[in-house]
Amino acid sequence: MPTARLTLDPAFRVGSVDRRLFGSFVEHMGRCVHTGIYEPGHPAADEDGFRTDVLDLVRELGVTVVRYPGGNFVSNYRWEDGVGPREDRPRRLDLAWRSVESNAFGLNEFMAWAAKAGVEPMMAVNLGTRGPAEALDLLEYANYPSGTTLSDLRRSHGVAEPHDIRMWCLGNELDGPWQMGHKTAHEYGRVAAETARAMKRFDPTLELVACGSSNAHIDTFASWEATVLEHTYDFVDHLSLHAYYDPGDGDVDSFLASGAEMDRMITSITATADHVGAKLRNKKKIKLSFDEWNVWYQSRFGGEDSLDWRTAPELIEDVYDVTDAVVVGSLLITLLRHADRVGAACQAQLANVIAPVLTRPGGPAWRQTIFHPFARTAQYARGTVLRVEPDSPVVETAKYGEVPALWSVATYDEESGDVVLFAVNRGRDEEPLRLTADLRAFPGARVVEHAVLHDTDTSAVNTAEQPDRVRPREGAGTKTDDGTLTVELPPVSWHMIRLATR
Ligand code: AHR
């Protein structure tokens with residue numbers, strides 16, 4: 001049987017697990033907001049119109065921070081449209097998704113929802129069709145206590161206390177020609193720097209995110225980041241990364257190795273940011289905010305121009321299978337492996353739109369396959385990330401060359417004493433991969449849980465009728481013996497192995 005070996009040791013420290021790694025994203029797109037998290041009149045809706053069945057799933061998912069309101073949507077959004085009496089709110093065309101936005105849900109509804117979900121907001125401002133003035137108005141409306149026109153306007157809207165939003169995204173994907181208000185790196189760098197400078201004058205403790213590239217394949221990848229940071233380095237704390245992995249071309253081995261591409265992207269952008277820091281003789285380290293990532297069958301999407309003007313249409317409601325869930329698990333492993341530099345990450349999106357949660361209008365909500373690795377990782381990856389450098393058989397891929405079949409990371413929670421190993425077998429050979437882990441640095445460690453996501457039918461999915469067709473099961477035969485953990489990883493499988501050391 002092919003075997004992979006690794007060593008777990010508390011001395012191999014990468015960094016602390018930032019809880020913001022388990023973020024998500026709510027965009028006014030398709031049915032993410034309307035009939036996703038918000039549906040007045042639904043049997044499970046609360047007094048605010050929020051679906052409590054979805055709220056329950058969001059809490060179970062373990063989401064910590066949620067980016068809002070876009071996405072491409074934010075680049076033609078007027079935040080003022082979404083506040084104040086509902087009957088006065090305008091219906092507007094959203095040019096990003098060729099949709100009609102009712103504005104029944106806006107900033108104050110989102111903040112009320114976030115409080116109920118127990119998540120931190122990550123608010124994006126429009127630097128596409130708008131600029132610093134409107135961003136500063138939003139900041140004053142949201143965060144200033146009272147005594148100015150905008151803060152008193154918020155109070156007159158029934159929100160007495162300031163929202164105190166800490167994390168702000170300076171626009172969205174402005175490198176992309178599809179973006180309303182698309183800009184060159186110099187144009188964006190200047191406007192982002194001036195917006196950030198003013199926002200920090202308002203409150204120097206705000207955390208600001210400058211837009212990085214919208215994907216790693218765009219021509220300006222990395223040079224965009226270098227130029228933008230040359231303008232913004234002094235004023236921003238994070239730089240965004242976005243990446244979607246498309247299973248659509250049938251190259252399953254490369255798709256299973258998507259973590260290799262995410263890994264390379266993080267390494268490249270870290271180097272780019274540090275290069276600019278060195279050039280500017282600035283000792284500050286820019287953190288990365290991987291604030292859009294997921295599996296997305298992009299090849300099935302006909303593009304924005306193919307859409308009709310509709311309100312809350314069904315848009316990119318991808319149904320995820322077992323392979324997709326394994327890839328999502330491997331992407332979370334990749335993010336954890338870079339815990340020293342990735343300070344936040346948001347799976348895109350939360351409900352219906354390429355999401356872990358699907359809903360039917362007036363009907364049920366259920367967990368997609370990708371829900372499970374996210375929920376377990378968010379729940380159990382705590383404390384310190386431990387580097388693991390496995391000696392593993394390799395898989396040959398068309399896109400990334402040879403990649404290790406075993407993709408893994410571990411965390412060590414000093415408080416509870418728990419060590420958790422997250423592992424994926426990216427191989428597709430019938431024979432399982434045997435993994436042995438040297439535990440001598442954790443004397444007495446014993447297995448308390450082994451959750452496995454695997455199915456002999458890798459195309460199995462969850463549906464409203466069969467919502468639990470795919471879910472983690474307890475692994476068999478996993479044991480520790482004389483300081484060694486032994487476990488078998490079937491092909492295309494995700495694992496969480498929890499060890500107690502006390
Ligand atoms: O998440 C869907 C879209 O993908 C977002 O609106 C945009 O930022 C990205 O291109």
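Atoms within a ligand are numbered from 1 in the order they appear, just like the ligands themselves.
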Identity and distance of the protein heavy atom lying nearest atom 7 (C) of ligand 1: N72 OD1, 3.2 Å

Donor on one side chain, acceptor on other, E261 and Y400, under 3.5 Å: yes

Under 4.0 Å to a heavy atom of E173 - the qualifying atoms of ligand 1, by number: 7 (C), 8 (O), 9 (C), 10 (O)

Side chain, backbone, both or neither: the part of F301 lying under 4.0 Å from ligand 1 by heavy atom: neither

Proximal ligand 1 atoms for E27, defined as those under 4.0 Å from one of its heavy atoms: 5 (C), 6 (O)

Per-residue contact class, I316 against ligand 1 - non-hydrogen pairs under 4.0 Å: neither

Check: H186 ring centre within less than 6.0 Å of H231 ring centre: yes

Atoms of ligand 1, numbered as shown, that sit under 4.0 Å from any heavy atom of Y244: 1 (O), 2 (C), 4 (O)

Residue, atom name and distance, where the atom is the protein heavy atom closest to atom 8 (O) of ligand 1: E292 OE2, 2.7 Å

Note, V342 side chain near I266 side chain (heavy atom, < 4.5 Å): yes

N172 neighbourhood, listing ligand 1 atoms whose heavy-atom distance to it stays under 4.0 Å: 8 (O)

Heavy atom of the protein closest to atom 2 (C) of ligand 1 (residue, atom name, distance): Q349 NE2, 3.5 Å

W97 touching ligand 1 at heavy-atom level, < 4.0 angstrom: yes

Numbered atoms of ligand 1 (with element) below 4.0 Å of W296, judged on heavy atoms: 4 (O)

Any donor-acceptor N or O pair under 3.5 Å, side chains S214, D175: yes

Those atoms of ligand 1 less than 4.0 Å from some heavy atom in F25: 1 (O)

Ring centres under 6.0 angstrom apart (Y188, W224): yes

Sub-6.0 Å ring centroid separation between W79 and Y141: yes

Any donor-acceptor N or O pair under 3.5 Å, side chains D455, T458: no

Proximity of F290 and H242 rings by center, below 6.0 Å: no

